[in-house]
Amino acid sequence: MLTLNMNIVWTFVNLIVLFILLRVFLFKPVTNIINQRQRILSEQMNQADSMEKTAKEHLNEADKVLQSSNSLAQAHADKIIEDAKLENARIINEAKEEADRILTDSRLRAKREAELLMNESKGQIAELALAAAKKLAKVNRNEAEEQSLFNDVLREASIRHDA
């Protein structure tokens, strides 16, 4: 049968005491340190998550501000373009009006000059007709002489008109 030896009992007692001592002085402090580090890591992970959420919120806000500023810049650029188009149309209209005014003035001047020339021509024709009538009244001539006299008057009128 089994005999219990005192060495075996003391070995078991030593093992139990060693286990208790190891548990109290080694396992509990190591377990506490592990738990403390897990708690610190958990807190840091929570902080990192909250910082990530905050960073995402800030990024979203920055994106919104960027989109808003882009839309404002686009609206401003569109307004500038529209203003430039309006200014361009106004300048073109002013230029057309000025061109029409100049054209109208030129036409009026040309018409006046034509009327003046016509009046001068009428006066010259009247003078020539009067001169011809005076010459005819002074002299009674035959038909060939009258034709020659008429041609002279026309030549003279042509010379005056060219001058």
Side-chain angles (χ1 to χ4, degrees), residues 1-130 154-163:
M1 287 211 235
L2 241 271
T3 58
L4 281 175
N5 189 353
M6 267 320 257
N7 281 335
I8 292 179
V9 172
W10 281 113
T11 304
F12 277 121
V13 169
N14 282 335
L15 281 174
I16 290 174
V17 169
L18 182 66
F19 178 73
I20 291 173
L21 287 175
L22 284 175
R23 185 166 184 192
V24 169
F25 292 113
L26 181 66
F27 294 137
K28 278 190 178 184
V30 169
T31 306
N32 286 340
I33 290 172
I34 290 173
N35 288 337
Q36 189 179 19
R37 285 193 180 181
Q38 283 180 343
R39 191 174 54 252
I40 290 171
L41 286 175
S42 174
E43 288 174 3
Q44 287 178 348
M45 290 296 287
N46 289 337
Q47 285 177 350
D49 287 341
S50 68
M51 290 175 79
E52 183 181 5
K53 287 179 184 177
T54 305
K56 284 182 180 179
E57 289 173 2
H58 288 293
L59 181 63
N60 289 337
E61 288 176 16
D63 284 341
K64 288 178 184 177
V65 169
L66 181 62
Q67 289 175 353
S68 173
S69 64
N70 282 343
S71 63
L72 285 174
Q74 184 64 39
H76 187 61
D78 290 343
K79 184 179 182 321
I80 288 172
I81 290 171
E82 185 65 29
D83 290 345
K85 286 180 181 178
L86 291 174
E87 182 68 16
N88 187 29
R90 183 188 64 79
I91 289 170
I92 289 173
N93 285 337
E94 286 178 3
K96 283 181 181 178
E97 289 172 1
E98 182 69 16
D100 289 343
R101 185 185 61 75
I102 289 171
L103 186 60
T104 303
D105 289 347
S106 298
R107 286 181 181 160
L108 285 174
R109 271 192 230 124
K111 187 177 180 181
R112 277 190 230 127
E113 288 177 12
E115 288 175 359
L116 286 173
L117 288 175
M118 187 63 84
N119 288 338
E120 286 178 16
S121 296
K122 284 180 184 178
Q124 289 175 354
I125 290 172
E127 287 176 11
L128 291 174
L130 184 61
L154 284 179
R155 242 183 270 121
E156 188 177 321
S158 172
I159 291 172
R160 284 188 184 173
H161 180 64
D162 289 342

Subject >> Atom pair CD/CD1 of Gln47 and Ile40 - distance to nearest 0.5 Å >> reply: 11.0 Å
Original post:
Ion pair present between Glu97 and Arg101, side-chain N to carboxylate O less than 4.0 angstrom?
Top reply: no
Original post:
Salt bridge between Glu94 and Arg90, side-chain N to carboxylate O under 4.0 Å?
Top reply: yes
Subject >> Interatomic distance, Asp78 atom CG to Lys85 atom NZ [nearest 0.5 angstrom] >> reply: 9.0 Å
Return all side-chain donor-acceptor pairs below 3.5 angstrom for residues 111-118, not counting sequence neighbours, or 'none' if the list is empty.
none

Original post:
Taking atom CG of Leu72 and atom CD of Gln67, what is their separation to the nearest 0.5 Å?
Top reply: 12.0 Å
Subject >> Distance (rounded to the nearest 0.5 Å) between Gln74 CD and Ser69 OG >> reply: 11.5 Å
Subject >> Stepwise salt bridge (charged side-chain N to carboxylate O under 4.0 Å, His left out) check, Lys53 with Asp49 >> reply: CA-CA 6 Å; Lys53 287 179 184 177; Asp49 287 341; over 6 Å; no
Subject >> From Ser71 atom OG to Leu66 atom CG, the distance as rounded to the nearest 0.5 Å >> reply: 9.5 Å
**OP:** Inspect the contact between Asp100 and Lys96 and indicate whether a charged nitrogen and a carboxylate oxygen are less than 4.0 angstrom apart.
**Re:** no
In a table with atom names and distances, give each donor-acceptor pair under 3.5 Å that connects a side chain of residues 10-29 to protein atoms at least two apart or in another chain.
from	atom 1	to	atom 2	distance (Å)
Thr11	OG1	Asn7	O	2.5
Asn14	ND2	Trp10	O	3.3

Original post:
Got a second to check how far Thr54's OG1 is from Glu61's CD, nearest 0.5 Å?
Top reply: 10.0 Å
